Amino acid sequence: STQEQTPQICVVGSGPAGFYTAQHLLKHHSRARVDIYEKQLVPFGLVRFGVAPDHPEVKNVINTFTQTARSDRCAFHGNVVVGRDVTVPELQEAYHAVVLSYGAEDHRALEIPGEELPGVFSARAFVGWYNGLPENQELAPDLSCDTAVILGQGNVALDVARILLTPPEHLEKTDITEAALGALRQSRVKTVWIVGRRGPLQVAFTIKVLGPEGEGPGARADGPAPALGRCGRAELPGVEEGEPGRAPGGVGEATRAVPTGDVEDLPCGLVLSSIGYKSRPIDPSVPFDLKLGVIPNTEGRVVDMPGLYCSGWVKRGPTGVITTTMTDSFLTGQMLLQDLKAGLLPSGPRPGYAAIKALLSSRGLGSL
Ligand code: FAD
């Protein structure tokens with residue numbers, strides 16, 4: 001059939017998940033065409049707007065993605081917000097298969113009093129600010145205080161702490177934004193507290209994040225569910241740690257934090273909450289598990305939606321490094337190609353981008 005000759009495949013999102021899925025499809029099917037739709041003007045998702053500017057070696061994957069984008073069977077269409085400018089059913093009409101790889105655009109809220117106060121930001125917004133994410137350029141964090149508190153103890157918390165404490169002259173050679181560099185040059189922040197629910201043995205960051213010499217801010221165990229008092233105070237209930245050394249697995253990951261009722265005040269001028277990213281549903285026609293924050297799927301096949309697939313953070317939840325995302329995206333690509341081979345995708349030719357382009361222009365919109 002024509003479908004076997006030219007499968008038209010659409011990928012939504014141009015982060016690692018989108019690009020690695022596209023790479024797998026193009027490599028393992030000699031005629032497949034892949035269109036990548038992206039809401040930003042520019043590609044690469046969190047590799048551009050998340051990964052810290054002082055870790056340029058991580059950003060080298062951009063070279064591989066650029067190779068994929070250069071294929072004459074691959075096209076990038078930026079400035080298209082799927083779910084708003086074009087719906088998923090419209091994409092499904094135009095393509096033989098659609099892969100949702102749109103990542104995790106929200107942050108998890110602490111849901112504690114004081115979260116909305118000035119001087120309290122999500123680490124996600126702060127990261128977007130120093131990396132040039134358009135929607136966060138107005139953030140203007142006040143760095144005139146000497147103490148900042150980061151709530152959360154994952155890799156992102158460590159990135160943020162490191163950026164706050166790195167001498168600006170070390171950041172000059174990176175692609176950090178001029179505005180962020182200017183603000184960090186004026187910064188008076190000297191102390192960064194990383195406040196986590198669990199102890200130093202259970203922190204979720206990898207040593208590499210601390211910096212090449214293992215330097216960087218230390219972690220300190222403190223209590224769960226802090227309340228943010230009047231701007232500038234983080235009140236932290238104390239915590240009784242379990243016995244990390246004896247927990248199953250030997251590294252204490254199963255240890256639970258238990259509130260002790262002790263409360264400690266940490267005067268500070270900046271609070272960054274860093275307890276995780278969160279995916280959101282983008283189209284009512286696509287099933288979404290609000291509790292887990294993922295599209296329900298079996299190995300990347302969206303449940304009960306033939307021809308619809310997912311990969312990356314929206315498939316697994318917002319954890320894991322780029323190589324984890326690569327592995328799961330290759331798997332999704334493999335499932336899609338299996339279904340194609342088994343004749344489970346719609347037969348007959350599909351118009352692909354030509355139809356979407358016409359739809360967008362009928363709405364007064366255009367892609368890049
Ligand atoms: P994303 O990279 O978020 O890509 C999703 C893309 O979809 C984005 O481009 C987004 O704009 C687009 N999109 C969203 N909604 C729509 C829509 N409606 N329509 C069209 N497009 C849409 N990993 C490492 O290996 N090393 C690191 O040093 C590292 N540092 C990190 C630092 C931070 C702050 C964060 C948050 C993560 C870091 N990671 C790091 C993890 C890594 O970034 C992720 O594993 C990876 O980016 C997940 O890929 P993804 O494609 O699922 O999501």
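Just so you know, residue 1 is the first one in the sequence shown, and it goes up from there. Counting starts at 1 for both ligands and their atoms, following the listed order. Note that the structure is a prediction, hence the values are computed from the model and not measured.
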Novice: Is the side chain of E172 donor-acceptor paired with the backbone N or O of P168 at a distance under 3.5 Å, no angle test?
Specialist: no

Novice: For atom 10 (C) of ligand 1, which protein heavy atom lies nearest, and how many Å away is it?
Specialist: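 Nearest protein contact, heavy atoms only, for atom 10 (C) of ligand 1 is E38 OE2, 3.5 Å.
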
Novice: Specify side chain, backbone, both or neither for V127, according to which of its non-hydrogen atoms lie closer than 4.0 Å to ligand 1.
Specialist: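 The side chain, only.
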
Novice: By the definition side-chain contact (heavy atoms from CB on, under 4.5 Å), identify the one residue from T21, V11, V99 that meets it with I36.
Specialist: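 Single pass found, and it is V11.
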
Novice: Applying a strict under-4.5 Å side-chain criterion to I, L, V, M, F, W and Y, I'd like to know whether L100 and F65 cluster together.
Specialist: no

Novice: Is atom 48 (C) of ligand 1 less than 4.0 angstrom from at least one protein heavy atom?
Specialist: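 Within 4.0 Å of atom 48 (C) of ligand 1, protein heavy atoms are found.
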
Novice: Starting from atom 42 (C) of ligand 1, which protein heavy atom do you reach first, and at what distance in Å?
Specialist: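 Nearest neighbour among protein heavy atoms for atom 42 (C) of ligand 1, to 0.1 Å: I322 CG1, 3.9 Å.
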
Novice: Looking only at N/O atoms, are W313 and ligand 1 under 3.5 Å apart anywhere?
Specialist: yes

Novice: Provide the number and element of each atom of ligand 1 under 4.0 Å from a heavy atom of V80.
Specialist: 19 (N), 20 (C)

Novice: Can you name the atoms of ligand 1, numbered from 1 with element, that are less than 4.0 Å from a heavy atom of Y277?
Specialist: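 So the atoms of ligand 1 that pass are 34 (C), 36 (C).
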
Novice: Which atoms from ligand 1 have a heavy atom of Q40 less than 4.0 Å away?
Specialist: 11 (O)

Novice: Per the side-chain hydrogen bond (donor to acceptor under 3.5 Å, both in side chains) rule, what does the pair list look like for residues 59-68, sequence neighbours excluded?
Specialist: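 Non-adjacent pairs meeting side-chain hydrogen bond (donor to acceptor under 3.5 Å, both in side chains): zero.
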
Novice: With side chain to side chain donor-acceptor pair (under 3.5 Å) as the criterion, how do S311 and S101 come out once you've worked through the C-alpha distance, each side chain's angles and the decisive distance to 0.1 Å?
Specialist: CA-CA 5 Å; S311 64; S101 312; 2.9 Å; yes

Novice: If every non-hydrogen atom of V88 is compared with every non-hydrogen atom of D283, which pair is closest and at what distance?
Specialist: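 For V88 versus D283, the nearest heavy atoms are N-OD2, 2.7 Å.
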
Novice: Determine, stepwise, if the pair Y95 / D35 fulfils side chain to side chain donor-acceptor pair (under 3.5 Å).
Specialist: CA-CA 9 Å; Y95 291 88; D35 286 328; 2.6 Å; yes

Novice: If two hydrophobic side chains count as joined below 4.5 Å and joins carry through other members, does L133 share a cluster with I282?
Specialist: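 Shared cluster, no.
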
Novice: How does E105 reach ligand 1, by side chain, by backbone, by both or by neither, if only non-hydrogen atoms under 4.0 Å count?
Specialist: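 For E105, only side-chain atoms sit under 4.0 Å from ligand 1.
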
Novice: Classify the ring geometry of F44 against F19: parallel below 30°, tilted from 30° to 60°, perpendicular beyond 60°.
Specialist: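 Ring orientation, 0 to 90° scale: tilted.
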
Novice: Judged by atom type as modelled, is there a donor-acceptor pair below 3.5 Å linking the side chain of S187 to the main-chain atoms of A183?
Specialist: no

Novice: Does only the side chain of F49 get under 4.0 Å from ligand 1, or the backbone, or both, or neither? Count heavy atoms.
Specialist: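 Neither part.
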
Novice: List the closest protein heavy-atom neighbour of atom 14 (C) of ligand 1: residue, atom name, distance to the nearest 0.1 Å.
Specialist: Y102 O, 3.2 Å

Novice: Going through the distances and angles, do T147 and K190 end up as a side chain to side chain donor-acceptor pair (under 3.5 Å)?
Specialist: CA-CA 6 Å; T147 302; K190 299 260 175 317; over 6 Å; no

Novice: With distance as the sole test, does Q40 use its side chain to make a donor-acceptor pair with the main-chain N or O of V42 at under 3.5 Å?
Specialist: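 A pair under 3.5 Å: no.
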
Novice: For atom 16 (C) of ligand 1, which of H107, R124, R84, K39 has the closest heavy atom?
Specialist: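 Selected option, by shortest heavy-atom distance: K39.
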
Novice: Considering only the protein, which heavy-atom contact is closest to atom 38 (C) of ligand 1, and what is its distance?
Specialist: V51 CG2, 4.5 Å

Novice: Heavy-atom contacts under 4.0 Å between T324 and ligand 1: side chain, backbone, both, or neither?
Specialist: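 The answer is neither.
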
Novice: If you measure every N or O of V82 against every N or O of ligand 1, does any of those distances drop under 3.5 Å?
Specialist: yes

Novice: Below 4.0 angstrom from a heavy atom of G320, which ligand 1 atoms are there? Numbered from 1 as shown, please.
Specialist: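 Counting atoms of ligand 1 from 1, those under 4.0 Å from G320 are 41 (C), 44 (C), 45 (O).
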
Novice: Looking only at N/O atoms, are A17 and ligand 1 under 3.5 Å apart anywhere?
Specialist: yes

Novice: What residue and atom, counting heavy atoms only, is the protein's closest point to atom 53 (O) of ligand 1, and at what distance?
Specialist: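 Ranked first by proximity to atom 53 (O) of ligand 1 is G103 CA, 3.5 Å.
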
Novice: Same cluster for F288 and V12 if Ile/Leu/Val/Met/Phe/Trp/Tyr side chains link at under 4.5 Å?
Specialist: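 Yes, F288 and V12 fall within the same hydrophobic cluster.
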
Novice: Using side-chain hydrogen bond (donor to acceptor under 3.5 Å, both in side chains) as the criterion, point out the one residue from T332, N297, T325 that pairs with K315.
Specialist: T332

Novice: Nearest to atom 32 (C) of ligand 1, what protein heavy atom do you find, and at what distance?
Specialist: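 Ranked first by proximity to atom 32 (C) of ligand 1 is D159 OD2, 3.4 Å.
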
Novice: Return the residue, atom name and 0.1 Å-rounded distance of the protein heavy atom closest to atom 7 (O) of ligand 1.
Specialist: G13 CA, 3.3 Å

Novice: Does any N or O of ligand 1 fall below 3.5 Å from an N or O anywhere on T323, backbone included?
Specialist: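 No, T323 has no N/O under 3.5 Å of an N/O on ligand 1.
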
Novice: Mark the output for T325 as yes if a heavy-atom distance to ligand 1 is under 4.0 Å, and as no if none is.
Specialist: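 Yes; T325 lies near enough to ligand 1 that a heavy-atom distance drops under 4.0 Å.
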
Novice: Do D106 side-chain atoms and K278 backbone N/O form a donor-acceptor pair below 3.5 Å?
Specialist: no

Novice: Please confirm whether the ring centroid of Y277 lies under 6.0 Å from the ring centroid of H107.
Specialist: no

Novice: Would one find an N or O of R316, backbone or side chain, under 3.5 Å from an N or O of ligand 1?
Specialist: no

Novice: Considering only heavy atoms, does V156 approach ligand 1 within less than 4.0 Å through its side chain, its backbone, both, or neither?
Specialist: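 Side chain only.
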
Novice: Closer than 4.0 Å to some heavy atom of G15 - which atoms of ligand 1 meet that?
Specialist: 2 (O), 4 (O), 6 (C), 51 (O)

Novice: Please list, in number order, the atoms of ligand 1 under 4.0 Å from a heavy atom of G312.
Specialist: 52 (O)

Novice: Can you establish whether the number of heavy atoms outside E169 located under 6.0 Å from its atom CD is more than 12?
Specialist: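 Yes - once you tally the heavy atoms of other residues, nucleotides and ligands closer than 6.0 Å, there are more than 12.
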
Novice: Contact between ligand 1 and G83 is defined here as a heavy atom of the residue under 4.0 Å from a ligand atom; is it met?
Specialist: no

Novice: Strictly less than 4.0 Å: does any protein heavy-atom distance to atom 30 (N) of ligand 1 fall in that range?
Specialist: yes

Novice: Tell me whether V12 has any N or O atom under 3.5 angstrom from an N or O of ligand 1.
Specialist: no

Novice: May I ask whether V47 places a heavy atom under 4.0 Å from ligand 1?
Specialist: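 Flag not set, V47 not near ligand 1.
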
Novice: Does L46 approach ligand 1 within less than 4.0 angstrom via side chain, backbone, both or neither, non-hydrogen atoms only?
Specialist: both

Novice: Counting both backbone and side chain atoms, is some N or O of G18 under 3.5 Å from an N or O of ligand 1?
Specialist: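 Between G18 and ligand 1 (N or O atoms, distance only) the closest approach is not under 3.5 Å.
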
Novice: Quick one: look at V58 and ligand 1, take heavy-atom pairs under 4.0 Å, and tell me if it's side chain, backbone, both or neither.
Specialist: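 Looking at V58 and ligand 1, just side chain atoms fall under 4.0 Å.
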
Novice: Are any of the side-chain nitrogens in R363 or E90 under 4.0 Å away from the carboxylate oxygens of its partner?
Specialist: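 Answer for the salt bridge query: yes.
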
Novice: With no hydrogens and no angle check, is any side-chain donor or acceptor of D289 less than 3.5 Å from a backbone partner on L292?
Specialist: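 Side chain of D289 to backbone of L292, a donor-acceptor pair under 3.5 Å: yes, one is there.
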
Novice: Grouping I, L, V, M, F, W and Y whenever their side-chain heavy atoms are under 4.5 Å apart, do I62 and L26 come out in a common cluster?
Specialist: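 Result: yes, single cluster for both.
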
Novice: Answer side chain, backbone, both or neither: which part of S101 comes under 4.0 Å from ligand 1, heavy atoms only.
Specialist: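 It is the backbone that touches ligand 1; the side chain stays farther off.
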
Novice: Among all protein non-hydrogen atoms, which one is nearest to atom 46 (C) of ligand 1, and what is the separation to 0.1 Å?
Specialist: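 Heavy-atom neighbour on the protein nearest atom 46 (C) of ligand 1: P16 CG, 3.7 Å.
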
